[in-house]
Visitor: 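Below: one structure in structure tokens.
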Amino acid sequence: MNENEQSVNVLLDFDLLGKLVVGIGEVSDITGVPLRQIRYWEEKGIIHSSKEGEGTTRKYDYLNIKKIVLVKELMDDGYTLDAAAKKVEERMRNVNEVFAKLAKRSTEDSQEK
DNA sequence: GTTCTCACA
DNA sequence: TGTGAGAA
């Protein structure tokens, strides 16, 4: 492992965090989850797709993609869809908290109280 | 290329 | 729970 790879990883993560939205096809290919399954999960309310523009192409942001991967991993551990969804939602809440802290920190830093 | 509904296992 | 097919 070089510092290069670490830096790349960090940068990649931040880039993803910025705002990455891909079509369902890409998501299915990346996550390895069939298209029907992704729609199926969304139908259950586990994930949410962001429809952009006039087209019908569902766009999934990094959070949703992460959610899908998380659910997949959880189910691989023997969790059921509902259980996995619950766990993922809890994790997502934590991520959201971190995001809120990050945003707040940036604001405070800019205002320099 | 994507989406939807209905139905089946 | 996950997938099939046809239709738009």
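Residue numbers begin at 1 in each chain, while the letters A, B, ... track the order of the sequences. Because the structure is predicted, anything quoted here is derived from the model rather than measured.
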Visitor: Does some side-chain heavy atom of V27(A) sit less than 4.5 Å from a side-chain heavy atom of V33(A)?
Guide: no
Visitor: To the nearest angstrom, how far is D29(A) atom CG from dT2(B) atom C1'?
Guide: 16 Å
Visitor: From NZ of K59(A) over to C1' of dG1(B), roughly how many Å is that when rounded to an integer?
Guide: 12 Å
Visitor: Side chain of R36(A), heavy atoms from C-beta onward: which of dT1(C), dT3(B), dG4(C) has the nearest atom to it?
Guide: dG4(C)
Visitor: How far does CD1 of I68(A) sit from CD1 of I47(A), to the nearest 0.5 angstrom?
Guide: 4.0 Å
Visitor: Counting side-chain heavy atoms from CB outward, which of dT3(C), dT2(B), dG2(C) is closest to I24(A)?
Guide: dT2(B)
Visitor: Using only side-chain N and O atoms of Q37(A), determine if any of them is under 4.0 Å from OP1 or OP2 of dT1(C).
Guide: no
Visitor: In whole angstroms, how far is the P atom of dT1(C) from the CD atom of E43(A)?
Guide: 12 Å
Visitor: Roughly how many Å is it from OH in Y40(A) to P in dT5(B), rounded to a whole number?
Guide: 15 Å
Visitor: NA contact type, G25(A), heavy-atom cut-off 4.0 Å: base, sugar-phosphate, or nothing?
Guide: sugar-phosphate
Visitor: Ignoring backbone atoms, establish whether W41(A) has a side-chain N or O less than 4.0 Å from OP1 or OP2 of dG2(C).
Guide: yes
Visitor: Starting at CG of D76(A) and ending at P of dT1(C), how long is that distance when rounded to a whole Å?
Guide: 16 Å
Visitor: Rounding to a whole Å, what distance do you find between I38(A):CD1 and dG1(B):C1'?
Guide: 15 Å
Visitor: Starting at CE of M75(A) and ending at P of dT1(C), how long is that distance when rounded to a whole Å?
Guide: 7 Å
Visitor: Report the residue from K87(A), K86(A), R91(A) that forms a side-chain contact (heavy atoms from CB on, under 4.5 Å) with L74(A).
Guide: K87(A)
Visitor: Check every strand shown and say whether L35(A) touches a base, only sugar-phosphate, or nothing at a heavy-atom separation below 4.0 Å.
Guide: nothing
Visitor: Rounded to the nearest angstrom, tell me the gap between atom CZ in R39(A) and atom C1' in dA5(C).
Guide: 13 Å
Visitor: Heavy-atom distance under 4.5 Å between the side chains of V88(A) and I46(A), does that happen here?
Guide: no
Visitor: Checking the side chain of N64(A) only, and the main-chain atoms of H48(A) only, is there a donor and an acceptor separated by less than 3.5 Å?
Guide: yes
